[in-house]
There are 2 protein chains.
Amino acid sequence: MKLEQAAKQLEALGNPKRLNLYRTLVRAGEAGRPVGYLQETLGIAPSTLSHHLHRLILTGLVTQERQATTLICRANYPVMDDLLGFLADECCADAACGPAVGEAAA
Amino acid sequence: MKLEQAAKQLEALGNPKRLNLYRTLVRAGEAGRPVGYLQETLGIAPSTLSHHLHRLILTGLVTQERQATTLICRANYPVMDDLLGFLADECCADAACGPAVGEAAA
DNA sequence: CATCTATTTCGAGAATTTTCGAAATAGTAT
DNA sequence: ATACTATTTCGAAAATTCTCGAAATAGATG
């Protein structure tokens, strides 16, 4: 996985509307969801949804399959797994990777 | 983890320069890296780097610690883990998808 | 205090994204 | 072919992001 592509995918997910859309598909699983259903559920204009969907599809995160006049959208799990792997993979690759205790803003 | 915050974090990572920056920190581990080192490594103007760093810090993905005049930057692993969890968590929650049935939040 | 290094803030121009309505296209059925 | 539903493409306005140089700030040291 190249950095450029990972960035594209993260950018695609980094918009609330698109993330919500993608999550809906992730939860839908193999069944997928038709574009029309997504449009009603998310409450955005058809042209706007189409635009967002297109971006998700370009990155490979979502696929579509035609069923008559309806387009079924599905989350592409392997692509998501690759992306998650990319993020987690090189943890501490350049250091002695200890247990990473969280001094986070708790 | 709220959708809005996850989107912010993904958006922060969804820029090649920032993703590269973040990856450098992830690989650096607990040692972290000083801003100046990052600036040279990534080859961008100090003000630009500062801007990107600020965005990463706002989302919680990166933390800073002062050491004299130098600022050490570190990846905040727990935050990344939360984000990865958010993405993977609800896989197929609305479908028959095997073992992913621990969800009571939604 | 003057000065040096490290980093951020300010201000602004260029590029990109987001949004939507209107019009176009894909597919089905009559 | 005509009509109908589902979805995309086009065109354009508003908002946001990205970038950098110049000036400002934080902290250490002489």
Side-chain angles (χ1 to χ4, degrees), chain A residues 3-25 28 31-76, chain B residues 3-25 28 31-76:
Chain A
L3 182 128
E4 280 289 335
Q5 193 191 352
K8 279 265 194 296
Q9 293 174 347
L10 290 164
E11 183 185 41
L13 295 174
N15 169 283
K17 298 259 171 64
R18 279 197 298 270
L19 183 55
N20 200 11
L21 162 54
Y22 182 70
R23 275 211 118 200
T24 302
L25 293 179
R33 293 284 183 261
V35 174
Y37 169 88
L38 296 169
Q39 195 254 304
E40 282 179 19
T41 299
L42 303 172
I44 56 185
S47 56
T48 304
L49 173 62
S50 192
H51 161 71
H52 285 317
L53 224 26
H54 186 63
R55 291 199 55 164
L56 253 6
I57 289 165
L58 275 185
T59 66
L61 283 163
V62 166
T63 61
Q64 282 181 329
E65 180 203 353
R66 180 136 234 153
Q67 273 180 16
T69 55
T70 301
L71 274 172
I72 306 294
C73 307
R74 289 195 188 82
N76 196 356
Chain B
L3 182 129
E4 280 289 336
Q5 193 192 352
K8 278 265 196 296
Q9 293 174 348
L10 290 163
E11 183 186 40
L13 294 174
N15 169 283
K17 298 257 171 65
R18 279 197 298 270
L19 183 55
N20 199 12
L21 161 53
Y22 181 70
R23 275 211 119 201
T24 301
L25 293 180
R33 293 284 183 261
V35 174
Y37 168 88
L38 296 168
Q39 196 254 303
E40 281 179 21
T41 300
L42 303 172
I44 56 185
S47 56
T48 304
L49 173 62
S50 192
H51 160 72
H52 285 316
L53 223 26
H54 186 62
R55 294 198 53 161
L56 252 6
I57 288 165
L58 276 185
T59 66
L61 283 162
V62 165
T63 62
Q64 281 183 331
E65 181 202 352
R66 182 136 234 152
Q67 272 181 18
T69 56
T70 301
L71 275 172
I72 306 294
C73 306
R74 290 195 187 83
N76 196 357

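In the text below, chain A, chain B and the rest are named by the order of the sequence lines, each starting its count at 1.
Taking atom CD1 of A:Ile44 as the reference point, atom P of C:dC20 lies 7 Å away to the nearest angstrom. Rounded to whole Å, the distance from CG on A:Leu42 to C1' on C:dC20 is 16 Å. When the P atom of D:dT8 is taken as reference, atom CG of A:Leu58 falls 12 Å away, rounded to whole Å. Distance A:Leu56 CG to C:dT17 P: 14 Å, rounded to the nearest Å. Taking atom NE2 of B:His54 as the reference point, atom C1' of D:dT17 lies 14 Å away to the nearest angstrom. Following rounding to the nearest Å, B:His52 (NE2) and C:dT8 (P) show an atom-to-atom distance of 13 Å. Nucleotide D:dA6 holds its P atom 14 Å from the CG atom of A:Leu49, rounded to whole Å.
Listed pair A:Thr48 / C:dC20 meets the phosphate criterion, a side-chain N or O lying under 4.0 Å from OP1 or OP2. Close to D:dT19, at under 4.0 Å from its OP1 or OP2, lies a side-chain N or O of B:Lys17. OP1 or OP2 of D:dT17 has not a single side-chain nitrogen or oxygen of B:Arg18 nearer than 4.0 Å. For C:dT17, neither phosphate oxygen OP1 nor OP2 lies less than 4.0 angstrom from any side-chain nitrogen or oxygen of A:Asn15.
Not one N or O on the side chain of B:Ser50 forms a donor-acceptor pair closer than 3.5 Å with the backbone of B:Pro46. Between the side chain of A:Gln9 and the main chain of A:Thr59, a donor-acceptor pair closer than 3.5 Å is present.
Within 6.0 Å of atom CD in B:Glu65, more than 12 heavy atoms from other residues, nucleotides or ligands are found, so the atom counts as buried in its surroundings.
Within the 4.5 Å cutoff, side-chain heavy atoms of B:Leu13 are placed close to those of B:Leu56. Annotation: side chain of B:His52 is in contact with side chain of B:Leu21 (closest heavy-atom distance under 4.5 Å). Here the side chains of B:Leu38 and B:Leu25 are in contact, with some heavy-atom distance below 4.5 Å.
Contact annotation for B:Gln67: no contact, since no heavy-atom pair falls under 4.0 Å across all strands. Among the heavy atoms of the strands lying under 4.0 Å from B:His51 is at least one base atom, whether or not backbone atoms are also near.
Closest to the side chain of B:Ala45, from the set C:dG21, D:dT19, D:dC20, is D:dC20.
Across all non-hydrogen atoms, the minimal contact from A:Leu53 to A:Cys73 is CD2-SG, 3.9 Å.
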Would you list the protein and nucleotides 2-7 of chain C atom pairs, both N or O, that sit under 3.5 Å from each other?
from  : atom 1 : to      : atom 2 : distance (Å)
C:dA6 : O3'    : B:Thr69 : O      : 3.4
C:dT7 : OP1    : B:Val35 : N      : 3.4
C:dT7 : OP1    : B:Leu71 : N      : 3.0
C:dT7 : OP2    : B:Gly36 : N      : 2.7

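Each of A:Glu11 and A:Ala68 has a nearest nucleotide on DNA chain C; the 5'-most of these lies closest to A:Glu11.
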